[in-house]
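Scope of the values below: all heavy atoms of this structure, side chains included, with no hydrogens, waters or symmetry mates.
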Amino acid sequence: MYSVFIVDDEMLVREGLRNKIDWESSGFTFAGEAADGEIALSMIQDIKPDILISDIRMPFMDGLELASMAKKIQPWLRIIILSGHDEFDYAKRAISIGVDDYLLKPFTLEDVLSSLNKVAETLDTQKQQAINIRRAQEELESTASLSRTKLLTDLVYGTVDASSAIQQAQDFGINLISHYYAVSATEIHRSEVDNKELLLAFKSAILSLGAQQATQEHTIVFFLTPTIFVAIHKGTSAELCEEAAFSFANLVQHELSQQEKNTTLTTAIGQVVEHTSHIAHSFKSASSVIKKCQLTSRNLIISSNDLQEASDNAIVLQENDPLVDRLNYAGENEIDQIISEYIAMLGENRSHFSIIASYLTVDVIMAVSTLIERLGGDVKEVMPEILSHQFVERAVQTEDSFVSEIRSVLTALLVYRNEHVQGRYADLILRAKRYIDQNFASPDICLRSAAETVNLSPNHFSTVFSQDCGITFIEYLTRVRIEQAKKLLRASDMKSSDIAYEVGFSDPHYFSFIFKKSTGMSPREWRNSRNTET
């Protein structure tokens, strides 16, 4: 299902589209709304919808400005413009920006659904083109492609001098000259590693995305191995170069997540450098991060600068223990996966269950102890219970007891790890949350303003926040606002419309919609239910 975001300064238009379209049965999902282009741009960058429906005339930033800027940060976005003006100049500008459809007011819901379905067909067609295996094979096997890949491989490994690389690149239509460079390396993780057709389909899709970026001369993409692709990003400043890298990484993750749920991508962004001859240095720093993250099973985008700037208390990886490496980056949702893999190791021969389970339990104890020590702690003080014979005896009694004990230990470890890693991210997230807690009532708070507070670009901040918190910036902001609204509903007689403005919503109707979506009740129903309880 494709997600739809609505922008219109007329509350009745937004409310009509939001409430009168049966989103579930229509094949689309409602992603959110905004009353002006500036706020919308920040929300779009965080939510990453597939389709934008925007009015053309709005305060602060009109629909065409919004469309143009949104397309730059999210090239996959499809756009439908609403207008009360049947003017050729508007339509001409819309076409030049890449708007997919142009609806004149007044319009009917059938008109909107027809337009959405038309855009959905375009998206479906693009997907089909992206997985064209024949095109991938031709691209990968052609002599020109192999020569191009060899040149770029030599460039990132530093085995060709800069001036020669620049001259040879021109033969392939590649302009290597830039003020700044950053190299990103992405590893593809698939459960079906032997499925060559699917792997070729992914290569085709990635090369297609790279070709789109190449037209803007921001990014050069090639495959280093069958499961690792490299992108060389260019920019006129270090900030723009890093932003291009994060933007492309997010674009690839978004596109491939639409095609296959059993595939994850680990992207490492190398250090920004100023000279073509230093591209190899940027690639080396990205490769180092990739090696450290090889065992993660979730989508991950991480910058080498962030790891480098982490404090001395950050985890130092122990290369000969894969579980240590894995727990370094694991999220809570990966605990069950780790346990499942241990259960698989137990095998079907349960006559030796206790012996194998004992070995696996000790493996976990050693990994947990190592991580705690790396973080400056002492396992005898942090988790003394796992060092006792009783713990091992409990764990090896049955499969259920093994699962229960191991889950308990790993959950406690991740809590300890998250509390004691004093890296750049921990401080950054803390400052961002403090900023949200202090400014949630302002209707002007947005992803961009939060990113400025922690001195990151919006794309970088959005990536860091969602990966570390498990939810997007907008979802966290909404949660804070809803919790504050609950307090006001419980402790005051304020009207729900006044509470909406008090907690930062500019539209009481949208507040009611979000409140019910979050709690399952309208503000009035929630207040009445709490009064009944007391």
Side-chain angles (χ1 to χ4, degrees), residues 2-8 29-54 58 60-80 97-99 209 212-213 216 218-219 233 235 239-255 257-258 267 269 299 301 303 428-429 432-433 435-436 439-440 442-481 504 506:
Y2 296 118
S3 56
V4 182
F5 191 91
I6 299 169
V7 189
D8 199 304
T29 59
F30 176 75
E33 65 178 68
D36 68 71
E38 285 189 359
I39 293 175
L41 187 64
S42 178
M43 294 177 70
I44 289 168
Q45 192 163 9
D46 197 39
I47 296 172
K48 297 179 175 60
D50 299 299
I51 303 171
L52 166 67
I53 299 179
S54 176
M58 295 181 295
F60 308 114
M61 180 189 294
D62 68 30
L64 294 183
E65 288 178 294
L66 171 62
S68 179
M69 296 183 71
K71 274 282 192 180
K72 289 180 181 177
I73 60 175
Q74 292 181 194
W76 68 80
L77 188 66
R78 315 312 301 181
I79 300 171
I80 299 171
I97 290 169
V99 168
L209 292 174
Q212 294 173 24
Q213 295 294 301
Q216 302 176 26
H218 291 163
T219 300
H233 309 279
E239 292 76 15
L240 287 175
C241 196
E242 186 180 55
E243 181 74 350
F246 273 94
S247 179
F248 182 71
N250 277 305
L251 169 62
V252 172
Q253 280 199 0
H254 178 273
E255 288 293 319
S257 67
Q258 303 294 310
T267 298
I269 299 171
N299 285 318
I301 302 172
S303 166
L428 182 149
I429 297 299
K433 287 184 174 180
Y435 171 75
I436 295 170
N439 297 278
F440 69 87
S442 170
D444 297 326
I445 184 174
C446 62
L447 177 72
R448 192 171 297 275
S449 64
E452 289 174 356
T453 300
V454 296
N455 299 316
L456 287 185
S457 68
N459 261 323
H460 191 170
F461 172 68
S462 176
T463 301
V464 168
F465 192 93
S466 60
Q467 286 181 171
D468 278 51
C469 298
I471 58 175
T472 68
F473 166 81
I474 293 297
E475 288 170 337
Y476 182 82
L477 173 60
T478 300
R479 179 185 295 178
V480 171
R481 285 173 165 171
S506 58

Asker: Check the orientation of Phe473 and Phe461. Use parallel for under 30°, tilted for 30 to 60°, and perpendicular for over 60°.
Answerer: perpendicular

Asker: Below 4.5 Å, heavy atoms only, C-beta onward: do Ile73 and Asn250 meet side chain to side chain?
Answerer: no

Asker: Does the plane of the ring in Tyr476 sit parallel, tilted or perpendicular to the ring in Phe465? Use 30° and 60° as the thresholds.
Answerer: perpendicular

Asker: Between atom CG of Leu447 and atom CG of Asp46, what is the distance when rounded to the nearest 0.5 Å?
Answerer: 5.0 Å

Asker: Looking at every non-hydrogen atom in both residues, tell me the closest pair between Trp76 and Pro49 and how far apart they are.
Answerer: NE1-O, 3.1 Å

Asker: Please round to the nearest 0.5 Å and tell me the distance separating atom CD of Gln253 and atom CD1 of Ile301.
Answerer: 4.0 Å

Asker: With a 3.5 Å distance limit and no angle check, can you tell me whether Thr478 reaches the backbone of Ile474 through a side-chain donor-acceptor pair?
Answerer: yes

Asker: One pair to check against side-chain contact (heavy atoms from CB on, under 4.5 Å): Arg479 and Ile471. What are the steps and the verdict?
Answerer: CA-CA 10 Å; Arg479 179 185 295 178; Ile471 58 175; 3.7 Å; yes

Asker: Which atom pairs, donor and acceptor, lie under 3.5 Å between side-chain atoms of residues 33-40 and protein residues at least two apart or in another chain?
Answerer:
residue : atom : partner : partner atom : Å
Glu33   : OE1  : Arg18   : NE           : 2.7
Glu33   : OE1  : Arg18   : NH2          : 3.0
Glu33   : OE2  : Arg14   : NE           : 3.0
Glu33   : OE2  : Arg18   : NH2          : 3.2
Asp36   : OD1  : Glu38   : N            : 3.0
Asp36   : OD1  : Ile39   : N            : 3.0

Asker: To the nearest 0.5 Å, tell me how far Leu77 CG sits from Ile44 CD1.
Answerer: 6.0 Å

Asker: Any heavy-atom pair between the side chains of Tyr435 and Ile445 that's under 4.5 Å?
Answerer: yes

Asker: Are any of the side-chain heavy atoms of Thr472 and Ser462 separated by less than 4.5 Å?
Answerer: no

Asker: Can you tell me how far NE2 of His460 sits from CD of Glu239, rounded to the nearest 0.5 angstrom?
Answerer: 12.0 Å

Asker: Of all the heavy-atom pairs spanning Ala67 and Val99, show the shortest one and how long it is.
Answerer: CB-CG2, 4.4 Å

Asker: Looking only at heavy atoms, what is the nearest atom pair of Met58 and Leu66, with distance?
Answerer: CE-CD2, 4.4 Å

Asker: Can you name the closest pair of heavy atoms from Gln45 and Gln74 and give their distance?
Answerer: CA-OE1, 3.3 Å

Asker: Determine whether Arg481 and Leu477 make a side-chain contact, defined as any pair of heavy atoms from C-beta on separated by less than 4.5 Å.
Answerer: yes

Asker: Which heavy atom of Ser303 sits nearest a heavy atom of Glu242, and at what distance?
Answerer: OG-OE2, 3.9 Å

Asker: Are Ser449 and Asp444 close enough that a side-chain donor and a side-chain acceptor fall under 3.5 Å?
Answerer: no

Asker: Are side-chain heavy atoms of Arg448 and Leu41 found at a separation under 4.5 Å?
Answerer: yes

Asker: Taking everything shown except Met61 itself, do over 12 heavy atoms lie less than 6.0 Å from its CE?
Answerer: yes

Asker: How about Glu243 and Pro458: do any of their side-chain heavy atoms sit closer than 4.5 Å?
Answerer: yes

Asker: So, Ser3 side chain and Asp50 main chain: donor-acceptor pair closer than 3.5 Å or not?
Answerer: yes

Asker: Rounded at 0.5 Å granularity, tell me how far CZ in Arg78 sits from CD1 in Ile51.
Answerer: 9.0 Å

Asker: When rounded to the nearest 0.5 angstrom, what is the spacing between CD1 in Ile269 and CZ in Phe246?
Answerer: 4.0 Å

Asker: May I ask you to test the Glu475-Cys469 pair for a side-chain heavy-atom distance under 4.5 Å?
Answerer: no

